[in-house]
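Down below is the structure, laid out as structure tokens.
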Protein chains: 2
Amino acid sequence: MRGNLFAVAVNLVVLTVRRHRLHVLLIERGEQPFLGSWALPGGFVLPDEDLTDTASRRLAEETGADTGQAVVGYLEQLASYAAPDRDPRGRVLSVGYLALLPDLPDPTPGGDAVASAWRPVDEVGELAFDHERILAEGVERARSKLEYTTLAASFCSAEFTVTDLRRVYEAVWRTSLDPRNFQRKVTSTEGFLVPTSTLVTGGRGRPPRLFRRGPATALHPPMLR
Amino acid sequence: MRGNLFAVAVNLVVLTVRRHRLHVLLIERGEQPFLGSWALPGGFVLPDEDLTDTASRRLAEETGADTGQAVVGYLEQLASYAAPDRDPRGRVLSVGYLALLPDLPDPTPGGDAVASAWRPVDEVGELAFDHERILAEGVERARSKLEYTTLAASFCSAEFTVTDLRRVYEAVWRTSLDPRNFQRKVTSTEGFLVPTSTLVTGGRGRPPRLFRRGPATALHPPMLR
DNA sequence: CCAAAAGTGTTTTACGTACACCCATGC
DNA sequence: GCATGGGTGTACGTAAAACACTTTTGG
């Protein structure tokens, strides 16, 4: 078998919406190379793991979230990066993964990290390796997938209001959407939202209804930014 | 550095439209494993290559096409596959690539292949490794990208008629489109098609005009199947 | 002339946009 | 009552779908 050998790692673009802004989970590296730099969480693929196994394991280690048969949350592969000089230790291929999660408590670092934190995606500075590029592609993928899938609900907890969902779109797209047209659009899309009988009291104004995710995954016609 | 080591290969889903049908380039393997089976063309990533380098090199070896600064044709990464048992020789990660080319002459096999051929995608039987899955994802990616990009033109030679372009859509989507609405749609999308002054004579009926690709890459609003 | 294929115009219908309006709660 | 946010109704414009029609060639 020809060809030289690579170490294979997975790196995660873990996104959530906190306080109406899109945030990404970053870790502070506790090892060389890039000791002390911020980076995407990730890790090497173990001998009997498939790529998705590594990604879910590392995601669970960093956040406690279990996306195995996820009721909330979402995990998908992005792309692979293998420039010859991307890691000073030698040839490392990294497979990017995109994870969408509801707003969780502050993380407790796992793996080789000394610290980890949710950071607004538009305030992320320099990252280790080629992680800025992976992050950019992850954010772009999330933005476009909101248009034609029901993935925005992956950013919400199991029950949520239409306004919660609209805030997700507004945070990810950095736009504002007409609340009235948005309401009609999402409630009239078959299988997107399943109404519950619960109303949320305690806030100002008319109490909103809680919804759960429906079975639909695609959005025809798409939501427009 | 922890983690075990992988061989890294690239496999290509090379698509073209021949005789109004979508075809894929397959090779007949001349080595173990899967000796004699049909497979996607591909090869291992060499020591100083990035993934795209390997993909373009192997594509050129199999077809003669140069997608480096492609006037015609297109090349993009699909996804990576690394199930522990996907290759009996050991751990091999394969990065799938999608290539779209205009109709070319029959290929001359390169690499480890003993034969290669264009096969209609809906007549492809069993393939080596997990290549059926890679092919399916490549075809699906091509189908959806035709909706919201101008990539259909990558299946055409440098100059082509509106009908040539419509035949591409019809072959990839296996639908029929209204020629009149299609005409208006593509000619009115800014930057999709640049008219030339040449008319194609010799056929039956009114001679069609030749067009070149314009600078547009996205299609707003999208083409609908 | 007729057939065939390219290309234009017109009508209908669906849906996005904008915005007026009503509903149900806290204070 | 009044402010606030949830939710509904309605008019308008843009564009897709369907299809009649004109244009330009070959036989």
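Applying the side chain to side chain donor-acceptor pair (under 3.5 Å) criterion to A/Q183, with sequence neighbours excluded, gives no partner residue. Residues forming a side chain to side chain contact (heavy atoms under 4.5 Å, CB included) with B/E28 (at least two apart in sequence, or on another chain): B/W38, B/V114, B/A115. Among residues two or more places apart in sequence or in another chain, the side chain to side chain donor-acceptor pair (under 3.5 Å) test is passed with A/T189 by none. Under the salt bridge (Lys or Arg N to Asp or Glu O under 4.0 Å) criterion, A/E137 pairs with A/R133, sequence neighbours left out. By the side chain to side chain contact (heavy atoms under 4.5 Å, CB included) test, B/R18 is found to be paired with B/T16, B/H23, B/D103, B/D106, B/W118, residues two or more places apart in sequence or in another chain being considered.
Look at B/E170 and B/R166 and you find a salt bridge, because one of the NZ, NE, NH1 or NH2 atoms lies within 4.0 Å of a carboxylate O, short of that distance.
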Readout for nucleotides 1-9 of chain C: B = base within 4.0 Å of protein heavy atom, S = sugar-phosphate only, - = neither; 5' to 3' it is ---BBBBBB

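A distance of 8.5 Å separates CE in B/M223 from CG in B/L146, rounded to the nearest 0.5 Å.
With B/L12 as the partner, the side-chain contact (heavy atoms from CB on, under 4.5 Å) test is satisfied by one option alone out of B/T63, B/L59, B/L78: B/L59.
The footprint of chain A on DNA chain D, defined by a heavy-atom cutoff below 4.0 Å, extends from D/dT4 to D/dT10.
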Show which side-chain atoms of residues 190-197 of chain B pair as donor or acceptor with protein atoms under 3.5 Å away, not counting sequence neighbours.
{"from": "B/T196", "atom 1": "OG1", "to": "B/T198", "atom 2": "N", "distance (Å)": "3.3"}
{"from": "B/T196", "atom 1": "OG1", "to": "B/T198", "atom 2": "OG1", "distance (Å)": "3.3"}
{"from": "B/T196", "atom 1": "OG1", "to": "B/L210", "atom 2": "O", "distance (Å)": "2.7"}

N/O contacts under 3.5 Å, protein versus nucleotides 11-16 of chain C?
{"from": "C/dG16", "atom 1": "OP1", "to": "A/K185", "atom 2": "NZ", "distance (Å)": "3.0"}

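When heavy atoms are screened at a 4.0 angstrom cut-off, B/G202 is found touching no nucleic acid atom at all.
A donor and an acceptor atom, one from each side chain of A/Y97 and A/T52, are located under 3.5 Å apart.
For the segment residues 168-177 of chain A, no residue has any heavy atom less than 4.0 angstrom from an atom of DNA chain C.
Among pairs with a residue in residues 194-208 of chain A, none fulfils salt bridge (Lys or Arg N to Asp or Glu O under 4.0 Å), at least two apart in sequence or across chains. Listed by first then second residue, pairs satisfying ring-ring contact (aromatic ring centres under 6.0 Å, His included) with a partner in residues 140-163 of chain B number zero, not counting sequence neighbours.
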